[in-house]
Structures are given as structure tokens and as C-alpha cells.
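Here the structure comes first, spelled out in C-alpha cells, and everything after it is commentary.
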Amino acid sequence: MAGWFRRLLHKPKPSSVESLKSSHSASSSPSSSSSAKSSSSSPGTSSATSSISLSPVSAVDISASDSPRWEKSYDVCICHSEEDVELVEELVSYLEGQPESFRCFLQLRDAAAGSAVVTELCDAVQNSHCWVMLITPGFLRDPWCRYQMHQALAEAPMANGRTIPVLKDVERKDYPRELWNIYYIYMALKEKSFRQIRDTVMRYLQELCRSSTRGTE
């Protein structure tokens with residue numbers, strides 16, 4: 001574990017977009033996983049977990065050199081409490097290890113030393129395509145987590161797939177009211193939830209690329 005964490009801390013930050021472009025432009029993006037079913041819930045649904053059937057979509061190369069993906073420094077910003085660092089490290093390792101090499105903002109690794117916390121959090125939100133809110137008891141107690149959540153909602157108030165709430169060890173009644181209009185992922189099985197997060201980020205980036213292509217036609 002210690003050796004893995006040292007490698008994580010010394011992993012190059014994804015600030016060099018050009019190098020990532022060149023490494024991915026030669027490879028094709030895997031077929032979309034949007035046809036898979038994603039189990040998610042909302043406070044407005046029944047107590048049973050909802051199952052949302054996703055329509056299949058055509059494959060889109062999100063890593064092409066001209067992809068709008070590269071317009072932001074990160075694909076995913078993980079908002080979490082200090083109590084959940086170990087779980088977040090596992091999630092980041094999973095996402096960055098995918099064929100798409102998702103670029104994640106991990107505060108302990110990527111925040112600039114000496115900079116203000118508020119500045120770093122706001123920059124991370126603004127420079128990320130998607131935001132994962134790991135809502136745990138620690139998240140609900142941490143004012144910085146609340147602040148970052150509000151910043152993300154201000155960036156994309158209509159959600160449109162960018163804000164991804166993930167509940168763990170939190171009762172439905174404690175789900176933040178600010179997120180009531182957004183379906184969440186309930187983390188029961190870690191591996192399944194990680195796949196759901198990956199698929200949600202992938203769908204957003206694919207739709208971003210398709211929208212960009214339609215706009216240039």
C-alpha cells in the first residue's frame with residue numbers, strides 16, 4: 001500500500017494536455033458502455049433502488065487530438081472528506097487506469113503547495129468536466145465539501161451529467177437537499193459503483209464530443 005501511494009503521489013499531473021493528446025489520438029476509443037444499466041436512486045423514488053435503462057449510442061473517440069475533452073485540465077474532480085482519502089485513492093487509481101486514462105483531480109496530490117484552499121477548490125471545479133461528490137458522514141460534516149458542492153452546482157445548475165453524487169453509509173433522508181434533482185449512485189458494492197462512475201463520466205464526454213461535432217457541421 002505504501003509503495004502504491006508513493007507512486008500515486010509522484011504520478012505526473014495531467015497539466016500537459018499535449019502529451020496526453022498525442023498518446024491517445026493514435027488509439028481508438030472503446031465502444032460506449034452506455035447500453036449498460038446503471039443502478040441509481042433519487043429521494044423522490046421508492047425505497048427500492050431505481051434501475052435506469054440507458055439507450056445505446058454510437059462510439060465516439062473522446063481522445064482525438066481535436067476533442068473538446070482537452071479544453072479542461074481534468075476529466076473528473078473528486079470532492080470528498082479527509083476521512084475518505086483511502087477510498088478516493090482507490091477510485092482515482094481505477095479511473096486513471098482505464099483505457100481512456102481519465103484525468104482526475106486529487107487534492108492531496110494535485111493542489112499547489114502554498115496556494116489558498118478556496119482558490120484550489122474553485123480552480124479544480126472550473127477546470128474539470130465532471131464532479132464526483134462522495135457523500136459520506138464525513139462529507140456531511142465537512143464545510144469545505146459543502147462549499148465545493150455549491151461551486152459545482154453553480155457551474156452546472158441543471159446537472160446534465162456533470163455532477164455525480166455517490167452515497168456511502170448515508171441514509172436517504174440525509175441526502176443533501178441541494179442535490180434532490182439529481183440521481184445518485186448508492187455505493188454498496190465498491191467495484192460496481194466504480195464502474196458506474198466511469199460509465200457516467202464516459203457518457204458525458206461522449207455527448208460533449210457529439211455536440212461539438214454537430215456544432216461544426
Side-chain angles (χ1 to χ4, degrees), residues 32-57 74-98 100 102 104-107 121 124-125 128-207:
S32 169
S33 56
S34 299
S35 58
K37 289 188 177 181
S38 173
S39 295
S40 56
S41 298
S42 162
T45 62
S46 64
S47 58
T49 301
S50 301
S51 181
I52 303 174
S53 181
L54 303 170
S55 302
V57 294
Y74 301 96
D75 299 312
V76 190
C77 174
I78 316 290
C79 178
H80 64 93
S81 74
E82 291 186 6
E83 300 174 20
D84 303 309
V85 168
E86 185 174 344
L87 177 60
V88 171
E89 288 170 352
E90 290 186 57
L91 173 59
V92 168
S93 179
Y94 172 83
L95 293 174
E96 293 182 341
Q98 294 300 299
E100 301 81 15
F102 293 111
C104 300
F105 177 83
L106 182 61
Q107 186 174 351
L121 294 181
V125 168
S128 299
H129 287 292
C130 298
W131 313 292
V132 171
M133 305 289 168
L134 182 58
I135 302 173
T136 64
F139 180 101
L140 297 177
R141 291 191 295 266
D142 191 336
W144 286 116
C145 290
R146 288 276 186 175
Y147 180 82
Q148 198 169 9
M149 176 180 70
H150 291 151
Q151 291 298 312
L153 291 174
E155 286 286 319
M158 301 307 292
N160 72 356
R162 298 185 69 184
T163 301
I164 309 170
V166 180
L167 267 65
K168 184 178 186 298
D169 301 329
V170 170
E171 295 185 23
R172 292 165 58 85
K173 64 181 180 64
D174 295 322
Y175 184 56
R177 297 179 67 89
E178 299 94 327
L179 302 174
W180 275 16
N181 66 321
I182 305 175
Y183 282 102
Y184 59 76
I185 294 171
Y186 185 78
M187 184 176 289
L189 297 174
K190 182 171 59 179
E191 294 77 9
K192 180 180 180 182
S193 299
F194 283 8
R195 287 196 302 270
Q196 288 178 295
I197 294 169
R198 179 262 177 199
D199 291 347
T200 304
V201 174
M202 187 70 174
R203 283 196 301 274
Y204 175 78
L205 293 177
Q206 287 181 325
E207 181 55 35

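Since this is a predicted model, take the numbers as computed values, not measurements.
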Ile182 side chain reached by Tyr175 side chain, heavy atoms, under 4.5 Å: yes
What one should report as the nearest heavy-atom pair of Gln148 and Cys77 is NE2-SG, 3.3 Å
Would Lys168 and Ser193 count as a side chain to side chain contact (heavy atoms under 4.5 Å, CB included) here? Give the steps. CA-CA 10 Å; Lys168 184 178 186 298; Ser193 299; over 6 Å; no
With heavy-atom distances below 4.5 Å as the criterion, would you say the side chains of Asn160 and Tyr204 are in contact? yes
For the side chain of Thr200 and the backbone of Gln196, is there at least one donor-acceptor N/O pair under 3.5 Å apart? yes
Test item: Val125 and His150 side chains (from C-beta on) under 4.5 Å apart, heavy atoms: no
Under the side chain to side chain contact (heavy atoms under 4.5 Å, CB included) criterion, do Met202 and Gln98 qualify, and how do the steps go? CA-CA 11 Å; Met202 187 70 174; Gln98 294 300 299; over 6 Å; no
What are the two closest heavy atoms between Asp142 and Glu82, and how far apart are they? OD2-N, 4.5 Å
Yes or no on side chain to side chain contact (heavy atoms under 4.5 Å, CB included) for Val132 and Ile78, after CA distance, side-chain angles and deciding distance? CA-CA 5 Å; Val132 171; Ile78 316 290; 4.0 Å; yes
Leu87 versus Lys190: any side-chain heavy-atom pair under 4.5 Å? yes
Please report the interatomic distance CZ(Phe194) to CD(Glu90), rounded to the nearest 0.5 Å. 5.5 Å
Nearest-0.5 Å distance, NE2 of residue His129 to CZ of residue Phe102: 11.0 Å
Parallel, tilted or perpendicular, judged at 30° and 60°: which one describes the rings of Phe105 and Tyr74? perpendicular
Closest non-hydrogen atom pair, Ala124 against Ser128: O-OG, 2.6 Å
Between atom CD of Glu191 and atom CE of Met187, what is the distance when rounded to the nearest 0.5 Å? 9.5 Å
Do Arg162 and Trp131 have side-chain heavy atoms sitting under 4.5 Å apart? yes
Atom CG of Asp84 and atom CD1 of Ile135: how far apart are they, to the nearest 0.5 Å? 11.0 Å
Give the intermediate values and the outcome of side chain to side chain contact (heavy atoms under 4.5 Å, CB included) for residues Gln107 and Leu121. CA-CA 8 Å; Gln107 186 174 351; Leu121 294 181; 3.7 Å; yes
From Arg146 atom CZ to Cys79 atom SG, the distance as rounded to the nearest 0.5 Å: 10.5 Å
So do Met149 and Pro165 actually touch side chain to side chain, heavy atoms under 4.5 Å? no
Side-chain contact test, heavy atoms from C-beta onward, threshold under 4.5 Å: evaluate it for Glu83 versus Thr136 and give yes or no. no
Measuring from Leu205:CG to Cys130:SG, what's the distance to the nearest 0.5 Å? 5.5 Å
Is any side-chain heavy atom of Arg195 closer than 4.5 Å to one of Tyr94? yes
